[in-house]
Amino acid sequence: MSERHVLGLSGGRDSAALAVYMRQFHPEIDMEYFFTDTGKELPEVYAFLDKLEGILGKPIVRLNPDRDFDFWLKRYKSFLPSVRTRWCTRMLKIRPFEAWVRPMLEGGVKVVSYVAIRADENFRDGYTSTFDNLVVKLPFKEAGIAKASVMEILDGSGLGLPKYYEWRSRSGCTFCFFQQKIEWVRLKERHPDRFEEAQAYEKTALENGSPFTWSEGESLAELIQPERVAEIRADHDKRIEKMRRSVRPNPLRPNAPPEIEELYADAGSCVVCHK
């Protein structure tokens, strides 16, 4: 049985580090890299992928969904995706990947998919396939590679972190519902056009009876009011100060600010979109 080896890139830290790691330590594997493009990614994601492509020395296949976010939003009667109904992941990420690999699998090819779940993420699992000839491998788990080593891989390769990590904790769509409220505030500052797009989607959804807003408990129109923004900033600053008093700084990154996923214990994420 012939084999093909594929590695999905989200535009995030861990999957990029895994790609670099596999190229450095397993050059004998003819890896195929892919990125499933929702069309709603941050500009910084595309810039990071272009830089990564140069380091890998191989093209990153762009898998574009055959129907975009607007199409599926209409199909779901303008109901926004949420933690409980993640149709965005199913239709814009998983569906295009399955369409890409299905001909390989049905043709009898063994497909090995490499997923960037770290050794310190024991609660996470990779993609589950209904095909016996699609095998998922977790190289970071197998090698005992945790977050600190991921940072070393990125720094050592010259790739570094995506620019959006300066203000955001994850890759994925600009209006991802997993964002913390401080990230919505920063999206408004950094990419006001993308914030306005998210706000327009939410307004239409609420007018059509959607039970969900992008940010839990309040609409973006409410979140962006000056007094609310001040509250969100104050809460964020308190979390930073509390963490700095309780956590020993990383000697390799003594001035690095705490990451949002460390500040917010209830921060959720999506292994498909954010790795």
Side-chain angles (χ1 to χ4, degrees), residues 3-64 93 96-97 100-101 104 111-121 124 126-127 136-174 176 190-191 250 252-253 255-257 259-261 269-275:
E3 291 187 3
R4 289 177 70 169
H5 299 260
V6 302
L7 195 159
L9 299 161
S10 67
R13 172 186 62 205
D14 293 350
S15 59
L18 179 60
V20 173
Y21 173 84
M22 295 302 295
R23 180 181 179 274
Q24 290 178 341
F25 293 99
H26 297 280
E28 74 282 0
I29 295 177
D30 184 17
M31 191 71 72
E32 299 176 58
Y33 305 100
F34 69 91
F35 169 67
T36 308
D37 192 350
T38 67
K40 300 296 182 180
E41 314 283 343
L42 290 166
E44 295 97 317
V45 169
Y46 298 115
F48 183 68
L49 289 172
D50 288 343
K51 186 177 179 181
L52 175 59
E53 202 169 45
I55 288 175
L56 296 175
K58 294 184 73 172
I60 298 170
V61 177
R62 266 66 169 183
L63 305 182
N64 293 307
K93 288 290 186 178
F97 168 71
W100 181 53
V101 298
M104 308 177 201
V111 177
V112 184
S113 177
Y114 297 80
V115 180
I117 296 177
R118 305 188 311 261
D120 55 342
E121 294 180 302
R124 303 178 90 163
Y127 171 77
V136 175
K137 288 195 173 184
L138 310 176
F140 281 167
K141 271 198 169 185
E142 294 170 4
I145 292 176
K147 182 179 173 180
S149 298
V150 163
M151 303 299 292
E152 291 175 5
I153 291 169
L154 292 175
D155 289 342
S157 69
L159 180 61
L161 288 170
K163 290 296 184 182
Y164 62 77
Y165 272 99
E166 295 173 357
W167 61 277
R168 197 179 195 233
S169 63
R170 65 192 74 249
S171 56
C173 293
T174 56
C176 180
R190 300 278 184 138
H191 298 287
N250 183 341
L252 300 178
R253 293 172 172 267
N255 299 317
E259 294 189 14
I260 288 177
E261 63 184 16
S269 65
C270 172
V271 69
V272 176
C273 300
H274 302 151
K275 295 301 290 177

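- The structure places CD1 of Ile117 at 15.0 Å from NZ of Lys137, a figure rounded to the nearest 0.5 Å.
- Nearest heavy-atom pair across Ser171 and Val45 is CB-CG2, 4.5 Å.
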- [ ] List the steps and the verdict of salt bridge (charged side-chain N to carboxylate O under 4.0 Å, His left out) for Glu32 and Arg4.
- [x] CA-CA 8 Å; Glu32 299 176 58; Arg4 289 177 70 169; 2.7 Å; yes
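- Nearest heavy atom pair, residue Phe25 against residue Pro27, reads C-CD, 3.3 Å.
- Separation of atoms CG (Leu42) and NE2 (His191) is listed at 5.0 Å; rounding is to 0.5 Å.
- Side-chain atoms of Ile153 and Phe140, non-hydrogen and from C-beta on, do get closer than 4.5 Å to each other.
- Contact detail for Tyr21 and Pro139: the closest heavy-atom pair is CE2-CB, 4.4 Å.
- You'll find the side chain of Lys147 stays beyond 4.5 Å of the side chain of Glu121, heavy atoms only.
- The closest side-chain heavy-atom distance from Trp100 to Thr36 is not below 4.5 Å.
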- [ ] Kindly indicate, with the supporting measurements, whether the criterion salt bridge (charged side-chain N to carboxylate O under 4.0 Å, His left out) is fulfilled by Arg190 and Glu166.
- [x] CA-CA 11 Å; Arg190 300 278 184 138; Glu166 295 173 357; 3.7 Å; yes
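- Taking CG of Leu56 as the reference point, atom CG of Leu159 lies at 8.0 Å (rounded to 0.5 Å).
- Between Tyr164 and Phe48, a ring centre-to-centre spacing not shorter than 6.0 Å is recorded.
- Of all non-hydrogen atoms in Ile55 and Ser157, the two that sit nearest each other are CD1-O, 3.9 Å.
- Rounding to the nearest 0.5 Å places CG of Leu18 at 8.5 Å from OH of Tyr33.
- A pairwise comparison of heavy atoms in Lys40 and Tyr46 identifies N-OH, 4.4 Å as the closest pair.
- Annotation: side chain of Lys93 is not in contact with side chain of Ser10 (no heavy-atom distance under 4.5 Å).
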- [ ] Could you please spell out the steps behind the side chain to side chain contact (heavy atoms under 4.5 Å, CB included) verdict for Glu3 and Asp30?
- [x] CA-CA 10 Å; Glu3 291 187 3; Asp30 184 17; over 6 Å; no
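- Cys173 approaches Arg168 most closely through the heavy-atom pair O-NH2, 2.6 Å.
- Once rounded to the nearest 0.5 Å, the distance linking CZ of Arg118 with CD1 of Ile145 reads 11.0 Å.
- Residues Arg62 and Leu49 meet the side-chain proximity criterion, which asks for heavy atoms closer than 4.5 Å.
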Open item on the list: Applying side chain to side chain contact (heavy atoms under 4.5 Å, CB included) to Phe35 and Glu53, what does each step give before you reach the verdict?
Closed with: CA-CA 11 Å; Phe35 169 67; Glu53 202 169 45; over 6 Å; no
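- Counting heavy atoms from C-beta outward, Leu7 and Arg23 have side chains that stay 4.5 Å or more apart.
- The shortest side-chain heavy-atom distance between Ile29 and Met22 falls under the 4.5 Å cut-off.
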